[in-house]
K.L.:
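The structure's right below; bear with me while I get my questions together.
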Amino acid sequence: MSQSQATTNLHLIKQICSVSTAFKLRSPGLTASAKVIAQSAISHICQSRNGGFMQIHHLNCGCMCPIGGALFDGFSRGPKAHLVCHCLLIETEQGLVLIDTGFGLRDIKSPYSRLSPFFIHFNGIQFDKKYTALDQIERLGFSARDVRHIVLTHLDFDHAGGLEDFPEATVHVMQTEMETAQDRHGFIAKRRYRPEQWDEVKHWKYYSAGGEPWFGFEAVRNLDGLPPEILLIPLAGHTRGHAGIAIDTPEGWLLHAGDAYFYRHEMDSAKRRCTPGFRAYQWMMEVDRKARLLNQDRLRALSSDHNQGVRLFCSHDAMEFKAFADQSSPQNEKVHQ
């Protein structure tokens, strides 16, 4: 088979998987048993023909509007900026996998009992149910029980707030991150880490760096219960146990870089460019400046090397999120509107 034929076949398979996902979840005339049978058959076709193809949904699981406008986000015309919490929902044979959770339902219902008033007001957090991962997942036709795994970049309040919305999920995080979150010394640490958001989580998996490197970065491969296409990539600096999550897709590697950087132009040019607001916020939140800047340099080099075929994004840049969401399937795009 020629490369062009293989590409065409892959495109058709992806269309079948996308349409079939909508069919199996949105057909009210089907009985529960019929849906199970259809889902099993469809999954077999997609997986066997596409070498483990996983459908990825880009979700915005938090809206923050700090004072500063374009001095933060680089595009807003008013006094307030517009930041997102860019998360991923991945459909796998092992069930749904969430990459970060953003803010959760309990954060929305009772923010001052779970979050620091300092960050509520400094970040201008907008508490709206439609931004929660659970609400968006349900609009896709799934339920909380379908989420089997959650992989975290780190445990900051705007990344881990939705953990308790998925009580049956196993949460994967770097060991160093949990140790640091439990320690919580200093003004920022006590306010960024909120045990109220994750003290009811029953199933944890902790990891340390090791194994075969990923494009020169340390990596954690073979996460317990997850497909081998999903990796943890330690990227310390913002927090001590901060990590990116790499996903091997048919189009190449996708890297959720978390808070390793904050602004799109930190990665898309040879010389780092960052707005004053994001620059100051990164400085305020960093725990290891040398490690943070070193990892940004390495990510910038990886991003600029188009031969490697790695697409990467951060957690809070709204323009970056829009670019990825616009590339997603029609039913996924509706979730973000």
Side-chain angles (χ1 to χ4, degrees), residues 56-66 72-75 81-90 97-104 107 115 119 122-126 131-133 136 150-163 171-174 177 181 188 192-194 197 230 232-247 254-268 274-275 277-287 292 295-296 299-300 302-303 310-325 328 336:
I56 299 175
H57 306 269
H58 293 265
L59 310 179
N60 174 16
C61 298
C63 179
M64 297 181 285
C65 300
F72 257 100
D73 60 26
F75 68 87
H82 296 82
L83 315 183
V84 300
C85 294
H86 194 159
C87 303
L88 297 178
L89 179 69
I90 309 174
V97 179
L98 257 180
I99 308 300
D100 279 355
T101 70
F103 297 104
D107 297 330
L115 301 171
F119 281 114
F122 187 90
N123 288 29
I125 301 171
Q126 308 297 298
Y131 290 117
T132 63
Q136 295 179 69
I150 301 173
V151 188
L152 293 177
T153 59
H154 59 305
L155 279 162
D156 272 358
F157 63 93
D158 50 343
H159 295 256
L163 289 178
V171 180
H172 304 256
V173 68
M174 297 297 292
E177 183 66 7
I188 294 296
R192 77 190 307 169
Y193 294 125
R194 309 301 290 178
Q197 293 180 319
I230 301 177
L232 273 167
I233 310 298
L235 295 170
H238 179 71
T239 67
R240 299 197 185 284
H242 183 277
I245 290 87
I247 305 115
L254 184 68
L255 177 66
H256 188 320
D259 287 355
Y261 73 97
F262 275 69
Y263 186 57
R264 55 197 174 277
H265 294 317
E266 292 182 279
M267 291 294 128
D268 64 4
C274 188
T275 58
F278 271 143
R279 188 183 294 271
Y281 193 82
Q282 291 185 82
W283 172 82
M284 179 178 73
M285 301 298 287
E286 69 185 16
V287 298
R292 180 176 70 83
N295 279 323
Q296 280 192 358
L299 288 173
R300 191 178 304 111
L302 180 62
S303 177
V310 178
R311 298 170 295 145
L312 56 98
F313 60 88
C314 65
S315 292
H316 300 301
D317 189 304
M319 297 296 289
E320 209 174 50
F321 171 78
K322 184 178 186 301
F324 278 90
S328 60
H336 311 300

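Keep in mind that the numbers below use all heavy atoms, side chains included, and drop hydrogens, waters and symmetry copies.
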K.L.:
Nearest 0.5 Å please: distance from the OG1 atom of Thr153 over to the CG atom of Asp259.
P.N.:
6.0 Å
K.L.:
Could you state the interatomic distance from CD1 (Ile247) to NE2 (His256), rounded to the nearest 0.5 Å?
P.N.:
8.0 Å
K.L.:
Parallel, tilted or perpendicular for Phe103 and Phe157, by the 30°/60° rule?
P.N.:
tilted
K.L.:
Mind listing the closest non-hydrogen atom pair of Gly104 and Thr132 along with its distance?
P.N.:
C-CG2, 3.8 Å
K.L.:
Can you confirm whether Met285 sits close enough to Ile188 that some side-chain heavy atom of one is under 4.5 Å from a side-chain heavy atom of the other?
P.N.:
yes
K.L.:
So if I apply the side chain to side chain contact (heavy atoms under 4.5 Å, CB included) rule between Ile56 and each of Ile90, Val97, Leu89, which one comes out positive?
P.N.:
Ile90
K.L.:
Would you call the rings of Phe321 and His86 parallel, tilted or perpendicular, taking 30° and 60° as the class edges?
P.N.:
perpendicular
K.L.:
Side chains of Tyr261 and Asp317: donor-acceptor distance under 3.5 Å anywhere?
P.N.:
no
K.L.:
Applying the salt bridge (Lys or Arg N to Asp or Glu O under 4.0 Å) criterion to Glu286, which one of Arg192, Arg279, Arg292 satisfies it?
P.N.:
Arg292
K.L.:
Go through the structure and list residues passing ring-ring contact (aromatic ring centres under 6.0 Å, His included) with Tyr131, not counting sequence neighbours.
P.N.:
none
K.L.:
Closest heavy-atom contact between Gln197 and Gly161?
P.N.:
NE2-CA, 3.3 Å
K.L.:
Start with the C-alpha distance between His316 and Phe72, add both sets of side-chain angles, then the distance that settles ring-ring contact (aromatic ring centres under 6.0 Å, His included), and finish with yes or no.
P.N.:
CA-CA 11 Å; His316 300 301; Phe72 257 100; over 10 Å; no
K.L.:
Between Phe119 and Met64, is there a side-chain heavy-atom distance shorter than 4.5 Å?
P.N.:
no
K.L.:
Mind checking whether Tyr281 and Phe122 have parallel, tilted or perpendicular rings, split at 30° and 60°?
P.N.:
parallel
K.L.:
With heavy-atom distances below 4.5 Å as the criterion, would you say the side chains of Leu152 and Asp100 are in contact?
P.N.:
yes
K.L.:
Please confirm whether the backbone N or O of Thr239 pairs with a side-chain atom of Glu177, one donor and one acceptor, at under 3.5 Å?
P.N.:
no
K.L.:
Tell me every residue that passes side-chain contact (heavy atoms from CB on, under 4.5 Å) with Arg240, counting only those two or more places apart in sequence or in another chain.
P.N.:
Thr176, Thr180, Val287
K.L.:
Which pair of heavy atoms, one from Met174 and one from Ala243, lies closest together, and at what distance?
P.N.:
CG-CB, 3.9 Å
K.L.:
Does His82 offer a backbone N or O that forms a donor-acceptor pair with the side chain of Asp73 under 3.5 Å?
P.N.:
yes
K.L.:
Nearest 0.5 angstrom please: Gln126 CD to Leu83 CG, how far?
P.N.:
10.0 Å
K.L.:
Identify the heavy atoms of Thr101 and Cys61 that sit nearest to each other, and give their distance.
P.N.:
O-CB, 3.4 Å
K.L.:
Mark yes or no for whether Glu266, through its side chain, and Tyr263, through its backbone, hold a donor-acceptor pair below 3.5 Å.
P.N.:
yes
K.L.:
Rounded at 0.5 Å granularity, tell me how far CD1 in Ile99 sits from CD1 in Ile230.
P.N.:
5.5 Å
K.L.:
Kindly compute the distance separating CG (Asp158) from SG (Cys85), expressed to the nearest 0.5 Å.
P.N.:
5.0 Å
K.L.:
Do Cys87 and Gln136 have side-chain heavy atoms sitting under 4.5 Å apart?
P.N.:
no
K.L.:
Look at the aromatic rings of His154 and His242 and report parallel, tilted or perpendicular, splitting at 30° and 60°.
P.N.:
tilted
K.L.:
Could you tell me which residues satisfy side-chain contact (heavy atoms from CB on, under 4.5 Å) with Asn295, sequence neighbours excluded, listed by chain and number?
P.N.:
Phe217, Leu235, Arg298
K.L.:
Once you round to the nearest 0.5 Å, how far does CG of Leu255 lie from CD1 of Ile245?
P.N.:
8.0 Å
